[in-house]
Amino acid sequence: MAFAPTFLGHGVGLRTRHFSELQGATPASTGVDWFEAISENFMIPGGRPLTVLDAVRRNFPVVLHGVSLSIGSTDPLNHRYLGELRALADRVEPAWISDHLCWGSVDRRYAHDLLPLPFTEESLELVVERVQRVRAALGRPFLLENVSSYVTFRQSVIPEWEFLAEVARRADCGILLDVNNVYVSAHNHGFSAEAYLAGMPADRVWQIHLAGHRNLGTHLFDSHDGHVIEPVWRLFRSAVRRFGNVSTLIEWDERIPAFSVLAAESAKAARHAAEVQGAHRRLA
Amino acid sequence: MRQRSKVRTADLRETQRCFFRALETDRARGGASRLITGGGQLRPRQRLEIYASMYFARILEALREDFPKLLETIGEDGFAALARRYLRAHPSRHPSLRHVGDRLPAFVKQDRIATGVPWLSELARLERAIVDAFDGPEAKPLLPAALTRIPGSHWGRLRFTLHPTLRLLQFSHAVDEVWERLDAGKAGGRPAARLTRLRIWRREHVVLRAPMDAREATCLRALARGRDFSWVCVRCETADRAARDLATWLDEGLITGIELSPGRLQRPG
């Protein structure tokens, strides 16, 4: 494992609603340290989104986060997609590239969703092989993110956290640990969120996601449409105790608020992390 | 050389096919439920329905964003029903949602929603062209000064590179008027049954459109195919009129390069 991730600080997602106020923005003017761009939104020939991304990149570190790689699909890897992603990465020079531990297409039909995998040896072998090929195609550090899920397959024989850790180890990639997704899936499937964190290899957790979700009564739904709730903040503090200073990002994709609200949520993440780190230092 | 996966994935492939069918149709959810464990407050089928509703909702939202005037014209329920029929006929074949509506204008043309409303597919085609221009390729417009450096005797041999986002469209109804009324927050109404030619392109970050007469449309199509300016002059009957057209196209940022045939390309100054 040659790659040592840089600590980027605390960031937010780059969203169209905030484009006009981000031209010429700096970490000092926004209060955020870095941005994450949804890769597919910028894998376009030209226009305003790319201009804004270029402007943001001049003053901030940027990470590319994809939703359509479909790493767990049994379809062949989409090399045209990978070529376009690589071209975008050559333009943006991201700190790293990430996507999700899921599948989203079969027989070349795309669901545009993050569909869950059965956690089997068959899936594990497939994902490991494909991550290795994706890393070679992109030529950049690559991370896989755990998704929120609502089903468990009867075939599954490996706990999700062991599956993800094993993919990261065998394929030599990083983990983008979505703390909200751990919380949502733990509730929906009845496993321990702390056990999930305990199963993560600390040296592979290179980024953290935080987001809001909704309690629909029968299940928790990963809605990305509100503030991070208190139990997820507590889980985040636990993650910081385990993994130390990890680049952390607030995701907010529906009912997107003013940028100042996002920046405040990011600052809250920074405060939580600093408190945990401070307590660690006092104990040491 | 691109390698195919050597991993045996027969079981996983069948699972994924079964799951995907369950996203698409209620009928397939019974079979797919057998793949899922129960537990908690949800039965396997209900768990699959969460994914099925997300599948449709996400694609519907993308179509709503790309075809806002069509949505306004046929209403929420009509649009959602159209989207369901469209998705059944044309499941998404591209990793990006940007392309999910590529075939909607053609689909609308033969769909029952267009019965008695033949201009609906033209409105959809206009909206699709606007989306395509919005994030189409970049090109710097040619500055008019670049032409002043070329002797008048060579103008007839000039060939032009047009802006890569430029689309030349022809409709049998004045759907641009419906679009404009809706955009102004007014009722769209019915468009006049009138041959309408439009050019759509992007300048800086703004998508522009302008009406064209038959002559102008013919000339721009010819330039796009590589005809030289002498061809335009013949079509315009007078060099003055051709020069006025050229000045308009330059002013609008439609021209991004010139070439003296045979010769070398002049880049924007």
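Here the structure is a predicted model, which is why all the values come from computation and not from measurement. Labels below follow one simple rule: chain letters A, B, ... track the order of the sequence lines, proteins then strands, and each chain is numbered from 1.
- Between A:Gly217 and B:Gln41, the shortest heavy-atom distance links the atoms O-NE2, 3.4 Å.
- Counting heavy atoms from C-beta outward, A:Tyr150 and B:Glu49 have side chains that stay 4.5 Å or more apart.
- Residue A:Leu82: no heavy atom, backbone or side chain, is found under 4.5 Å from chain B.
- Salt bridge absent: B:Asp135 and A:Arg48 never bring a charged side-chain N and a carboxylate O closer than 4.0 Å.
- Neither the backbone nor the side chain of A:Ser156 comes within less than 4.5 Å of any heavy atom in chain B.
- Contact annotation for B:Arg58: only side-chain heavy atoms (C-beta onward) come within less than 4.5 Å of a heavy atom of chain A.
- For A:Leu69, no part lies near chain B; criterion is any non-hydrogen pair under 4.5 Å.
- Of the residues considered (B:Leu87, B:Thr165, B:Leu42), B:Leu42 shows the highest number of contacts with chain A, using heavy-atom pairs under 4.5 Å.
- Neither the backbone nor the side chain of A:Asn41 comes within contact range of chain B; no heavy atoms are under 4.5 Å apart.
- Of the inter-residue distances, the one linking B:Phe20 atom CZ with A:Asp107 atom CG reads 9.0 Å to the nearest 0.5 angstrom.
- Interatomic distance, CD of B:Gln46 versus OG1 of A:Thr218, reported as 7.0 Å (0.5 Å rounding).
- At least one side-chain heavy atom of B:Leu23 sits under 4.5 Å from a side-chain heavy atom of A:Leu115.
- Both the backbone and the side chain of A:Ser149 come within less than 4.5 Å of a heavy atom of chain B.
- A 4.5 Å side-chain heavy-atom check between A:Phe221 and B:Met54 finds at least one atom pair inside the cut-off.
- Note on ring orientation: taking the six-membered ring where Trp is involved, the planes of A:Phe153 and B:Phe19 are tilted (angle from 30° to 60°).
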Item to check | Residue pair A:Arg154, B:Leu35: steps toward the side-chain contact (heavy atoms from CB on, under 4.5 Å) verdict | outcome: CA-CA 6 Å; A:Arg154 290 188 185 282; B:Leu35 301 170; over 6 Å; no

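- For the atom pair NE2 (B:His94) and NE2 (A:His112), the distance works out to 9.0 Å, reported to the nearest 0.5 Å.
- No donor-acceptor pair closer than 3.5 Å links the side chain of A:Glu40 to the backbone N or O of B:Pro95.
- For the residue pair A:Thr74 and B:Gln16, a side-chain donor N or O sits within less than 3.5 Å of a side-chain acceptor on the partner.
- A:Arg109 has its side chain within reach of B:Arg93: a pair of non-hydrogen atoms, C-beta onward, lies under 4.5 Å apart.
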